[in-house]
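In this chain, numbering begins with 1 at the start of the sequence shown. On a predicted model such as this, the values are computed, not experimentally measured, just so you know.
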Amino acid sequence: MIRKTTLSVYRFILFFSIIFFTKTNFYGQTQTIVPQPLEGLDKLCAGPSFNEYFATFTYVGFPDGTTFEVELSDKLGSFTTPTPTQKLGVVNNSTTQQTIRFSVPTSLAGSDIYSLRIKSSTGSVSTRFKNSSDNTSFAAYYKSYESSFTIFKKNTTAIICSGGSVSLTVDNDTPTVVGSSPETYPNIKYRWYKDDVLIAGQSSKTLAANAPGTYYSQVDYGLCSEPNITSNRVVITSSSSGSAVTVNSSLGNPFCSTGTGTILTSTAGNSYVWKKNGTVINGATTRSINANESGIYTVDVDFGGCVATGTIDLKSNGFAASINVDVDNDNKIAEGESLNVAITTDATTPVFEWYLNNSIISGANTATLNIEKRGTYKVIISQNTGCLASKEFTFRVSLEGESVVTKIANIISLSSNLYNVWDIPSEYKNPETQVIILSSNGDMVVDTVNYQGDWPVPGSLDFKNINPVYYYVIKSGTGEKKGSITVIK
């Protein structure tokens, strides 16, 4: 019985010694770390603009060479799996006190109940730090996005119908540019407000607003949330039958087009269908579209349960012009006769340019032109004051009774008053056939499709002592034809 008692006493002494050893160093001193209050600091609200903090503590009983680091708990406040911080440096270092400068990780999972402690390289840990409010739990967040942002495509008003809703979504105009919107950070959560009251249970990037009111969103950083990290406000009104949709023109109405047209924008809704003169415009399903031409534009706007239509009779500040010849068919003239072509226009101080076979006709700068030669003609009318604009007409003139071309000529003469040209059979006059003409030096003089027999251009050939020779290549669906062309006076 005495021996059993003695054995129990030894076991107790051994167990006590182990416990005592873990709390002391080799010199019998207890290792103690005492955190100092985090003066002036209630929470760790880090971000790209600021991420530097200081933790001060005293310590005794540690051997030389001992190092210390700051540990954060997990987001639930437990140190079972602590969150490491980045040690930026040590200040105020002495044999009994130290201040560690540290930052929180950029991947920190935000929470309002983090805790902070010191851990030594010997394995000893401190109690939890207290913040300036004397709490051991406090908010810690890394605010990846720190600016204002927009929702609902920057629109500030919307309409809903009874029983309908409007989808308010965080905008992301440049999804490939990280940081351009909070939406580029998939882990960010949001708070949604209606009439400045938090809407419970809504934390995604989209809110289905189904009641009138003023809505906005805020990035949710818990107790680190800031009023400046907030969206624009959207005022939503209700209507049982939609609403009178308005359509505005960015350049006014009438508008003066500079080539890019005007932007038509409707009242904001959920979806859009645009029409011009009663015909649906293919692909025009956004709130704003580009319009280059006059016409009656309408848009059907879905307000979430009802649809309303807006209309604008768009007018251009350009000018009107007409021509007295047929632009769709050949205009026939007999040899020795002429065709007088006239332009009628209301343009302000108009400028006229006339072309034959794509070459400008020298001296032809009035509203009329007397034509004696066959070929393809074009006139460009320009208004160069006020609203800058231009119009053009293209037409063909051919010889009356002109024989149908059945074969490819290898000689052309320039002696006719109607200016003979190298023509080809009509079977080759189409967009699928390519015509190439080369000079004897190999210079490209024609390379086109849908050739209409309008080469050579008047005055473009330079006769020396010999008649020039050219070479042609015709590439069509039936094969390729090659040959030479001799031009004589």
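- In this structure a side-chain-to-backbone donor-acceptor pair under 3.5 Å is present from Ser181 to Asp171.
- How far OG of Ser203 is from NZ of Lys189: 5.5 Å, rounded to the nearest 0.5 Å.
- Looking at Gln383, its side chain does come within 3.5 Å of a backbone N or O of Thr348 through a donor-acceptor pair.
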Worked verdict on Tyr215 versus Ile236 for side chain to side chain contact (heavy atoms under 4.5 Å, CB included): CA-CA 8 Å; Tyr215 293 80; Ile236 297 179; 3.7 Å; yes

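- In this structure, CZ on Phe79 lies 5.0 Å from CZ on Arg128, to the nearest 0.5 angstrom.
- A donor-acceptor pair is defined here as one N or O able to donate and one able to accept, closer than 3.5 Å; no such pair exists between the side chain of Ser126 and the backbone of Pro35.
- For Thr262 and Ser250, the side-chain atoms include at least one donor-acceptor pair closer than 3.5 Å.
- In summary, the side chains of Ser294 and Ser316 do not present any donor paired with an acceptor at a separation below 3.5 Å, with no hydrogens or angles considered.
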Worked check of side chain to side chain contact (heavy atoms under 4.5 Å, CB included) between Ser249 and Leu314: CA-CA 8 Å; Ser249 167; Leu314 188 64; 4.1 Å; yes

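- Looking at Asp300 and Thr309, their side chains do bring a donor and an acceptor atom within 3.5 Å of each other.
- Leu438 has its side chain out of reach of Val445: every pair of non-hydrogen atoms, C-beta onward, lies at least 4.5 Å apart.
- Ser73 places a side-chain N or O within donor-acceptor distance of the main-chain N or O of Ser115, the cut-off being under 3.5 Å.
- Remark: the backbone N or O of Phe352 is not paired with any side-chain donor or acceptor of Asn365 at under 3.5 angstrom.
- Considering CG of Asn135 and CG of Leu38, their distance stands at 11.0 Å, rounded to 0.5 Å.
- Aromatic rings of Tyr59 and Phe68 (six-membered ring for Trp) have centroids within the 6.0 Å cut-off, being under it.
- Using a 4.0 Å cut-off between a side-chain N of Lys or Arg and a carboxylate O of Asp or Glu, Glu69 and Lys119 do not qualify as a salt bridge.
- The local environment of NZ in Lys315 is sparse, with at most 12 non-hydrogen atoms from other residues, nucleotides or ligands closer than 6.0 Å.
- In summary, of the residues considered (Phe138, Tyr53, Phe54), a side chain to side chain contact (heavy atoms under 4.5 Å, CB included) with Leu41 occurs for Tyr53 alone.
- Under the 3.5 Å distance criterion, the side-chain polar atoms of Thr174 are left unmatched by any main-chain donor or acceptor of Thr176.
- A donor and an acceptor atom, one from each side chain of Thr56 and Gln36, are nowhere located under 3.5 Å apart.
- Closest approach of Val177 to Ser180, counting heavy atoms only: O-OG, 2.7 Å.
- When atom types are taken as modelled, the side chain of Ser382 and the backbone of Asn384 share no donor-acceptor pair closer than 3.5 angstrom.
- To the nearest 0.5 angstrom, Tyr142 atom OH is 9.0 Å from Ser103 atom OG.
- The aromatic ring centres of Trp354 and Phe393 sit 6.0 Å or more apart.
- Checking side-chain atoms of Trp274 against main-chain N and O of Asn282 turns up no donor-acceptor pair under 3.5 Å.
- Within a 6.0 Å sphere centred on NZ of Lys275, other residues, nucleotides and ligands contribute 12 heavy atoms or fewer.
- With values rounded to the nearest 0.5 angstrom, Ser266 atom OG is found 5.0 Å from Tyr272 atom OH.
- Asp195 places a side-chain N or O within 3.5 Å of a backbone atom of Thr214 that can act as its donor or acceptor partner.
- Contact record, Lys75 with Ala109: CB-O, 3.9 Å, taken as the closest heavy-atom pair.
- Taking each heavy atom of Ile160 and Ala209 in turn, the nearest pair found is CG2-O, 4.1 Å.
- The two residues Ile381 and Pro350 come nearest to each other via the heavy atoms CG2-CB, 4.0 Å.
- Within the cation-pi definition used here (under 6.0 Å to the ring centroid, within 45° of the axis), Arg117 does not qualify as a partner of Phe129.
- Side-chain contact annotation: Thr265 with Ser288, donor-acceptor N/O pair under 3.5 Å present.
- Side chain to side chain, Thr206 and Thr169 meet the donor-acceptor criterion of an N or O pair below 3.5 Å.
- Taking 4.5 Å as the limit, some side-chain heavy atom of Val219 sits within range of a side-chain heavy atom of Tyr190.
- Of the possible polar contacts, one joining the Arg191 side chain to the Gly222 backbone as a donor-acceptor pair under 3.5 Å is found.
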Working for side chain to side chain contact (heavy atoms under 4.5 Å, CB included), residues Trp455 and Val446: CA-CA 8 Å; Trp455 176 85; Val446 173; 3.6 Å; yes

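- Of the N and O atoms on the side chains of Tyr141 and Asp112, at least one donor lies less than 3.5 Å from an acceptor on the other residue.
- The disulfide (SG to SG under 2.5 Å) analysis of residues 87-145, with sequence neighbours excluded, yields no pairs.
- At least one side-chain heavy atom of Asp196 sits under 4.5 Å from a side-chain heavy atom of Arg233.
- Under the 4.5 Å side-chain criterion, counting only non-hydrogen atoms from C-beta, Val247 is in contact with Leu264.
- Ser217 and Ser231 share no side-chain donor-acceptor pair at under 3.5 Å.
- Counting heavy atoms from C-beta outward, Phe303 and Val245 have side chains that approach closer than 4.5 Å.
- Under a 4.0 Å N-O distance rule, the pair Lys143/Asp220 does not qualify as a salt bridge.
- In this structure, Lys154 and Asp173 have side chains that are in contact, with non-hydrogen atoms separated by less than 4.5 Å.
- A donor-acceptor contact closer than 3.5 angstrom links the side chains of Gln434 and Asp447.
- Contact between Ser439 and Tyr471 at its shortest, heavy atoms only, is O-CD1, 4.2 Å.
- Donor-acceptor pairing under 3.5 Å is recorded for the side chains of Ser133 and Asp42.
- Judged by distance alone, the side chains of Ser476 and Glu432 never bring a donor and an acceptor atom under 3.5 Å apart.
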Residues Ile33, Val125; criterion side chain to side chain contact (heavy atoms under 4.5 Å, CB included); working and verdict: CA-CA 7 Å; Ile33 306 173; Val125 295; 5.9 Å; no

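- Side chains of Val234 and Thr156 form no contact here, defined as non-hydrogen atoms less than 4.5 Å apart.
- The distance from atom CD1 of Ile229 to atom CD of Gln218, rounded to the nearest 0.5 Å, is 7.5 Å.
- Stacking of Lys378 on the aromatic ring of Tyr355 is recorded, both the 6.0 Å distance cut-off and the 45° axial limit being met.
- The minimum heavy-atom distance linking Val104 with Ala46 is given by the pair CG2-CB, 3.5 Å.
- For Thr267 and Thr246, the side-chain atoms include at least one donor-acceptor pair closer than 3.5 Å.
- For the residue pair Glu146 and Ser49, a side-chain donor N or O sits within less than 3.5 Å of a side-chain acceptor on the partner.
- Taking 4.5 Å as the limit, every side-chain heavy atom of Phe62 sits out of range of all side-chain heavy atoms of Ser121.
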Trace of the side-chain hydrogen bond (donor to acceptor under 3.5 Å, both in side chains) decision for Thr32 with Thr30: CA-CA 6 Å; Thr32 305; Thr30 301; 5.5 Å; no

